[in-house]
4 protein chains.
Amino acid sequence: MCAKIASSRKESLLAAAKVLFGMHGYAETTFKKIAQEAGVALGLLTHYFGTKERLFLAAGLDVLHDLIRTEEAALAQAQTGLEAVRIFAETYFAFATDPDRHFLILIRCSPFSDLKGMAEREVMERDFHKLYLLLEEALAKGVADGSIRPVDPLRTSRVIFCNLVGGVRHHLLTPYATATLLNDLVDFVINGIAAPTP
Amino acid sequence: MCAKIASSRKESLLAAAKVLFGMHGYAETTFKKIAQEAGVALGLLTHYFGTKERLFLAAGLDVLHDLIRTEEAALAQAQTGLEAVRIFAETYFAFATDPDRHFLILIRCSPFSDLKGMAEREVMERDFHKLYLLLEEALAKGVADGSIRPVDPLRTSRVIFCNLVGGVRHHLLTPYATATLLNDLVDFVINGIAAPTP
Amino acid sequence: MCAKIASSRKESLLAAAKVLFGMHGYAETTFKKIAQEAGVALGLLTHYFGTKERLFLAAGLDVLHDLIRTEEAALAQAQTGLEAVRIFAETYFAFATDPDRHFLILIRCSPFSDLKGMAEREVMERDFHKLYLLLEEALAKGVADGSIRPVDPLRTSRVIFCNLVGGVRHHLLTPYATATLLNDLVDFVINGIAAPTP
Amino acid sequence: MCAKIASSRKESLLAAAKVLFGMHGYAETTFKKIAQEAGVALGLLTHYFGTKERLFLAAGLDVLHDLIRTEEAALAQAQTGLEAVRIFAETYFAFATDPDRHFLILIRCSPFSDLKGMAEREVMERDFHKLYLLLEEALAKGVADGSIRPVDPLRTSRVIFCNLVGGVRHHLLTPYATATLLNDLVDFVINGIAAPTP
DNA sequence: CATGAATGAGAGTTCATTCAT
DNA sequence: GATGAATGAACTCTCATTCAT
């Protein structure tokens with residue numbers, strides 16, 4: 001029980017960090033606010049996470065790993081490579097738009113974030129790279145099974161990721177997203193890579 | 001002469017703000033650093049721009065207006081709608097990757113930025129919207145002149161902008177961009193909307 | 001056995017405290033560092049010693065009592081009063097420069113230390129006074145046995161202690177000590193008090 | 001007048017720092033206490049002195065330079081080398097026991113202090129060395145003019161400084177100083193080096 | 001217009017001490 | 001006895017903003 005209590009305090013802090021960093025960003029989120037939101041003492045933040053930056057990274061990595069696991073589970077259902085790409089994109093958007101997944105924190109500390117000076121940025125970059133690999137594999141598989149045009153998997157994975165990243169940022173941050181934007185992007189991507197039907 | 005000196009001081013501050021905000025972000029950039037970079041007195045910042053946020057916005061809007069003017073000039077050369085879309089995308093990327101244009105500041109204060117609490121965010125959103133309109137007009141023109149498939153200009157403009165935004169962030173912020181990414185994106189977009197050739 | 005374990009834990013803490021307080025001073029030394037250095041649980045510090053100040057004092061007194069016992073044992077060998085004074089000074093310097101004796105902690109919590117606010121300072125002052133008495137007795141003995149000029153034992157003991165304290169601080173803390181300083185001081189003191197040889 | 005006001009704020013802080021660092025030591029003295037004692041805003045401490053350590057050093061060096069100037073002025077009156085040594089010692093003690101000179105701060109940040117980790121310790125050590133040189137010169141002069149026994153000036157200067165340092169610490173920090181201690185030390189030193197009178 | 005000294009609230013972080021287990 | 005998670009006051013230092021000159 002001791003372990004459980006300790007664990008729950010740490011988890012409360014991590015959860016509060018995800019919410020507040022996600023909603024208000026790094027600079028606007030203070031230790032005080034996080035501790036109050038989590039309902040625990042201020043000092044526990046340093047106790048468990050060391051520094052603000054490390055907490056930020058921990059919160060982001062937690063969501064990132066969740067996303068990777070979710071993608072892997074979803075991709076297991078795909079029959080063809082083209083189907084895998086569609087599933088990847090749809091799962092990505094579903095995850096990003098589910099408030100309970102706290103994708104916003106990831107927007108703020110991913111390699112796409114504005115935060116440049118972040119120490120241990122490499123950890124985030126390395127783990128984020130795993131997502132690209134999943135997409136690359138799906139593309140290679142589709143080229144092999146004939147469901148996808150003979151494209152370069154590496155270059156095409158980057159092009160597709162631009163669609164995903166742009167879509168999520170439009171949807172979550174701007175007033176410019178149309179109601180169908182995320183669906184339109186999936187269609188745009190699939191049409192762009194699908195093998196021609198004879 | 002007196003007015004000229006004052007004006008050059010104000011411009012020095014704005015230029016320094018673009019550089020520093022762009023390189024180090026909002027929170028990391030202080031009045032002191034800006035004043036030192038510009039080589040003028042600290043108090044002039046408040047004198048000319050009021051608050052830090054207003055300076056940030058002024059710097060961002062300056063770049064945004066520059067971008068809009070640049071797009072308008074480039075689009076004047078386009079014959080067909082499809083050509084206009086290509087020019088729009090290429091000009092956007094060329095602007096974003098030209099260090100002298102200080103696009104980075106725009107990344108940090110555009111509606112795609114992580115900064116939510118920004119007052120006067122609407123001003124930025126309103127002016128940014130003009131870019132969307134330019135792209136929408138190009139699409140509508142292309143549909144009309146037959147160079148572009150019969151797509152919905154509004155929805156398609158958002159899809160294309162996702163490609164532009166994702167491309168710029170990949171290129172400027174992450175280690176994942178391939179050497180051909182920006183060209184690949186232009187091709188991907190053009191192929192996705194071009195009218196079929198008989 | 002249980003008592004032995006407890007005792008060894010307490011002793012580990014005291015030893016670690018001597019080392020760390022001696023090397024880095026009172027403020028720089030934390031409970032965490034001491035517990036880690038000793039390899040025992042953090043809570044045992046309060047358990048055994050109450051407060052940080054009490055631990056500091058305990059560590060200092062331990063070294064002080066060691067010094068007093070060492071002086072007493074050494075003085076037992078002296079034939080004349082003058083010889084006793086010489087032995088006292090030499091023993092003092094030998095003790096202070098032996099790393100295993102942890103004299104540094106004594107420098108930091110003796111009445112010569114900069115630490116003014118120390119509660120229970122009187123305990124330290126009272127026990128430190130015993131050293132002065134040993135030196136006073138040696139001087140009185142020397143005056144009585146004719147080996148020392150007819151000086152006032154009290155006043156002269158203070159003068160001699162100034163030499164000892166100054167010597168130790170030069171040697172341990174500053175870059176100004178010459179290689180022969182401690183020997184020079186013994187000679188200077190002995191020459192200053194020795195009875196003239198006819 | 002602008003310069004005068006600014007200067008007086010800075011001087012108030014330095015004066016308050018001397019008093020409080022001297023009375024309560026480095027760790028116990030906080031920015032808040034210094035600013036309150038000086039009657040100025042907290043932020044001015046960083047504004048003028050950068051960090052706490054730099055302020056500490058500035059306060060100590062200010063007193064040290066005052067001491068050096070005082071010694072130099074006093075030594076100008078000396079006829080013989082022996083007289084110069086006596087004047088040096090008497091001036092040192094007079095300075096150290098004058099509350100208006102704030103010698104206590106020097107005790108806490110001189111190379112004889114317990115503070116080891118102090119950055120820029122070398123500055124203090126270098127300037128402190130000038131005192132040793134003054135004493136060495138006096139000794140060399142005395143040896144040359146026959147007022148002092150043929151001693152080694154370097155080694156003897158260190159021995160004498162041990163007397164001064166030990167004397168000041170006894171007087172200022174401990175309850176062991178006799179009423180005549182500082183005079184006794186001057187006599188002890190002079191007797192120890194004076195050339196024998198025929 | 002121009003300057004930079006002055007302000008003080010608030011930030012992240014440290015740490016002795018407590019106490020439930 | 002032994003543990004280390006938990007607490008929160010206090011610390012140093014930052015910085016946008018003000019304002020007298």
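Every chain is numbered from 1 and lettered A, B, ... according to where its sequence line falls, protein lines coming before strand lines. Hydrogens, waters and symmetry mates are skipped; everything else that's a heavy atom, side chains included, is used.
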Calculate the interatomic distance between B/Lys52 atom NZ and F/dT18 atom C1'; express it in whole Å. 17 Å
My understanding is that only residues two or more places apart in sequence, or in another chain, count here; which of them pass salt bridge (charged side-chain N to carboxylate O under 4.0 Å, His left out) with C/Asp127? C/Lys130
Let me confirm one number: the CG-SG distance from C/Leu57 to C/Cys109, rounded to the nearest 0.5 Å. 6.5 Å
Starting from P on F/dT17, measure out to CZ on B/Phe56 and report it in whole angstrom. 14 Å
Mind checking side chain to side chain contact (heavy atoms under 4.5 Å, CB included) for D/Ala38 and listing every partner two or more places apart, or none if nothing turns up? D/Ser12, D/Leu13, D/Ala16, D/Val40
With sequence neighbours excluded, what pairs up with D/Phe31 under the ring-ring contact (aromatic ring centres under 6.0 Å, His included) test? none
Using the side-chain hydrogen bond (donor to acceptor under 3.5 Å, both in side chains) criterion, which residues pair with A/Glu120? Sequence neighbours excluded. none
How many Å lie between CD on A/Glu11 and P on F/dA5, as a whole number? 15 Å
Can you tell me which stems DNA chain E forms, taking runs of 3 or more consecutive Watson-Crick or G-U pairs with both distances under 3.5 Å? E:2-21 with F:2-21
Just to verify, what does B/Arg108 make a salt bridge (charged side-chain N to carboxylate O under 4.0 Å, His left out) with, not counting sequence neighbours? none
For D/Leu173 and C/Ser113, the nearest pair of non-hydrogen atoms, with its separation, is CD1-O, 3.7 Å
Quickly work out the A/Arg9 CZ to E/dC19 C1' distance and round it to whole Å. 12 Å
At a heavy-atom distance below 4.0 Å, what parts of residues 16-33 of chain B sit against DNA chain F? B/Thr29, B/Thr30, B/Phe31
Nucleic acid contacts of residues 34-45 of chain D, taken as heavy-atom distances under 4.0 Å to DNA chain F: D/Leu42
Apply salt bridge (charged side-chain N to carboxylate O under 4.0 Å, His left out) to C/Arg121 and list each qualifying residue two or more places apart in sequence or on a separate chain. C/Glu125
Write down the distance between CD (C/Glu53) and C1' (E/dC15), rounded to a whole number of angstrom. 15 Å
Residues in side chain to side chain contact (heavy atoms under 4.5 Å, CB included) contact with B/Thr174, at least two apart in sequence or another chain: A/Pro111, A/Phe112, B/His170, B/Tyr176
D/Lys10 NZ - E/dG4 C1' separation (whole Å): 14 Å
Quick one: D/Leu13 CG to E/dT7 C1', roughly how many Å, whole number? 13 Å
Per the side-chain hydrogen bond (donor to acceptor under 3.5 Å, both in side chains) rule, what does the pair list look like for residues 13-37 of chain D, sequence neighbours excluded? D/Lys18-D/Asp62
State which residues pass ring-ring contact (aromatic ring centres under 6.0 Å, His included) with A/Phe103; sequence neighbours excluded, sorted by chain then number. A/Tyr92
Distance in angstrom units between D/His47 NE2 and F/dC13 P, rounded: 16 Å
